[in-house]
Protein chains: 2
Amino acid sequence: MSARRTSPPEVYLPPSEDIPFNPRVPGIDYGVLDRLLGYAVRRAQIVQYELFIAGLARWNITPPRFSAMVIISRNPDLKLTELADVLGIARSGAVALINSLEGMGYVRRVPCPTDKRALGLQLTDQGRADLQAITEAVDESDRRGAQALTEAEQAQLLALLAKIAGSGASA
Amino acid sequence: MSARRTSPPEVYLPPSEDIPFNPRVPGIDYGVLDRLLGYAVRRAQIVQYELFIAGLARWNITPPRFSAMVIISRNPDLKLTELADVLGIARSGAVALINSLEGMGYVRRVPCPTDKRALGLQLTDQGRADLQAITEAVDESDRRGAQALTEAEQAQLLALLAKIAGSGASA
DNA sequence: TATTGTTATACTCTATAACTATA
DNA sequence: TATAGTTATAGAGTATAACAATA
């Protein structure tokens, strides 16, 4: 009993032999699962994630990588520990994440002038450029994931999700 | 570049040094993430999962284990391959899942009369009994996750999530 | 003493592929 | 030939703990 987790892992490479996840297999009785909010969120997350992977395959970009790039681009000289906090992962995980993005030529570590222990994270020119195209692809797959909803419903859903996310944080 | 995935993994053990996930760290600019449905779902899922783990710690029950037990209890003599399909995991993963539930004394493999290759899955008496208490704990943590919402909002959220989950499946 | 980034280690989950025994 | 369950193997992600450098 070790390797305890605070957040569910998230990795992602394209589908394969398996047909895409079917959130409601015909003839199956889901019992309580059908009325649990947690299961509904999980179902939706799997579908969203599959769309993300399908749309971002050519970039080799996973959700955590995309999130990290966005956070870094919007928050200049963010420290590695802060990034870990924002993403909800351990510092060692953030190191691995940054290593991969650095290997892709998207992120750069720069020394911090005021604290010699720390380092600032920045997007490279290529990272900044590709993030634009990547963001367009993400937007596209996000739109596909929401296509069953009207504009009003999408706004509603976003608001409701923010509410339940926020409630858990303060608890 | 191998070990391709069709669904995000899901494990779960109780939190630790790390404070719980904060879906909106003060002073951080989330950029596009704040308007992406996929990120909102992911944020909510992390919080829901943390509540699940906290509430089910004493049972050593994870979301996949709970889902499997419910599906097995509601669908008599479900085959292992069918369970894998419902949960959206590979057959080898279903074997491991059933092994763990069998080790806990909750699930039993029974030979299938009509097909000697296949086996039916059943809850043991203990599994059936404990599932009741476990379901109550799950209901409790689910309620806590939804406490920021009114009854009407909860129903609305459930319906909207079901819509976006369903849209992805048929695509 | 506490914190930053790092490394080493272990664990869980997942997928692929091959195997067997049936169909 | 195809399918059901199993096993073996590998890969990705996460966590913990310890470390050196710095605060």
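In what follows, chains carry the letters A, B, and so on, assigned in the order in which the sequence lines appear, proteins first and then strands, with residues in each chain numbered from 1. Treat the numbers as computed from the prediction; the structure is a model and nothing was measured.
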K.L.:
When you compare the protein's N or O atoms with those of nucleotides 18-23 of chain D, which come within less than 3.5 Å of each other, and at what distance?
P.N.:
unit_1, atom_1, unit_2, atom_2, d
D:dA23, OP1, A:Lys116, N, 2.7

K.L.:
Nearest-Å distance, CD (A:Glu82) to P (C:dT3)?
P.N.:
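A:Glu82 atom CD is separated from C:dT3 atom P by 14 Å.
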K.L.:
Verify the contact: side-chain N or O of A:Thr81 to OP1 or OP2 of C:dT3, cut-off strictly under 4.0 Å; return yes or no.
P.N.:
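For A:Thr81, the contact criterion (side-chain N or O under 4.0 Å from OP1 or OP2 of C:dT3) is not met.
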K.L.:
What's the CZ-P distance between A:Arg42 and C:dC13, to the nearest Å?
P.N.:
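My rounded result for the distance is 12 Å.
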K.L.:
What about A:Ser92, does its side chain sit under 3.5 Å from the base of D:dT16 through a donor-acceptor pair?
P.N.:
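Donor-acceptor pair under 3.5 Å: yes.
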K.L.:
Going by distance alone, is a donor N or O of one side chain under 3.5 Å from an acceptor N or O of the other, for A:Arg43 and A:Asn22?
P.N.:
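Note: A:Arg43 and A:Asn22 side chains miss the donor-acceptor criterion.
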K.L.:
Rounded to whole angstrom units, what separation is found between the CD atom of B:Glu50 and the C1' atom of D:dT14?
P.N.:
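It is 13 Å, rounded to the nearest whole Å.
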K.L.:
Could you check A:Arg109 against B:Gly93 and say which one's nearest nucleotide on DNA chain C is further toward the 5' end?
P.N.:
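It is A:Arg109, whose closest nucleotide lies nearer the 5' terminus.
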K.L.:
Take the protein atom CD1 of A:Ile89 and the nucleotide atom P of C:dT12, then report the distance between them rounded to whole Å.
P.N.:
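Nearest whole value for this atom pair: 20 Å.
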K.L.:
Under 4.0 Å between a Lys/Arg side-chain N and an Asp/Glu carboxylate O for A:Arg108 and A:Glu102?
P.N.:
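Salt bridge: no.
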K.L.:
What is the distance from NZ of A:Lys79 to P of C:dT6, rounded to the nearest Å?
P.N.:
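Nearest whole value for this atom pair: 13 Å.
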K.L.:
What integer distance in Å separates A:Leu83:CG from C:dG5:C1'?
P.N.:
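These atoms are roughly 13 Å apart.
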K.L.:
Identify, between A:Ala118 and A:Asn99, the residue whose nearest nucleotide on DNA chain C lies closer to the 5' end.
P.N.:
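Final value for this comparison: A:Ala118.
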K.L.:
Under a 4.0 Å threshold between the charged nitrogen and the carboxylate oxygen, would B:Asp115 count as salt-bridged to B:Lys79?
P.N.:
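A salt bridge is absent here (no side-chain N lies under 4.0 Å from a carboxylate O).
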K.L.:
Just the rounded figure in Å: distance from P of C:dG5 to CG of A:Leu80.
P.N.:
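The answer, rounded to whole Å, is 5 Å.
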K.L.:
With rounding to the nearest 0.5 angstrom, report the CD1 to CG distance, B:Ile164 to B:Leu160.
P.N.:
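Separation between the atoms: 8.0 Å.
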K.L.:
Do B:Asp142 and A:Arg35 sit within salt-bridge range, that is, some charged N less than 4.0 Å from a carboxylate O?
P.N.:
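Judged by the 4.0 Å cut-off on N to carboxylate O distance, B:Asp142 and A:Arg35 do not form a salt bridge.
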K.L.:
Can a side-chain donor-acceptor contact be found between A:Arg42 and A:Gln45 if the only test is distance below 3.5 angstrom?
P.N.:
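A pair is found: one side chain offers a donor N or O, the other an acceptor, under 3.5 Å apart.
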K.L.:
What is the distance, rounded to the nearest whole Å, between atom CG of B:Leu119 and atom P of C:dA21?
P.N.:
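For the pair B:Leu119 CG and C:dA21 P, the rounded distance is 16 Å.
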K.L.:
Determine whether a donor-acceptor pair (N or O, by modelled atom type, separation under 3.5 Å) exists between the side chain of B:Asp77 and the backbone of B:Gly120.
P.N.:
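The answer is no, because no donor-acceptor pair under 3.5 Å joins these two groups.
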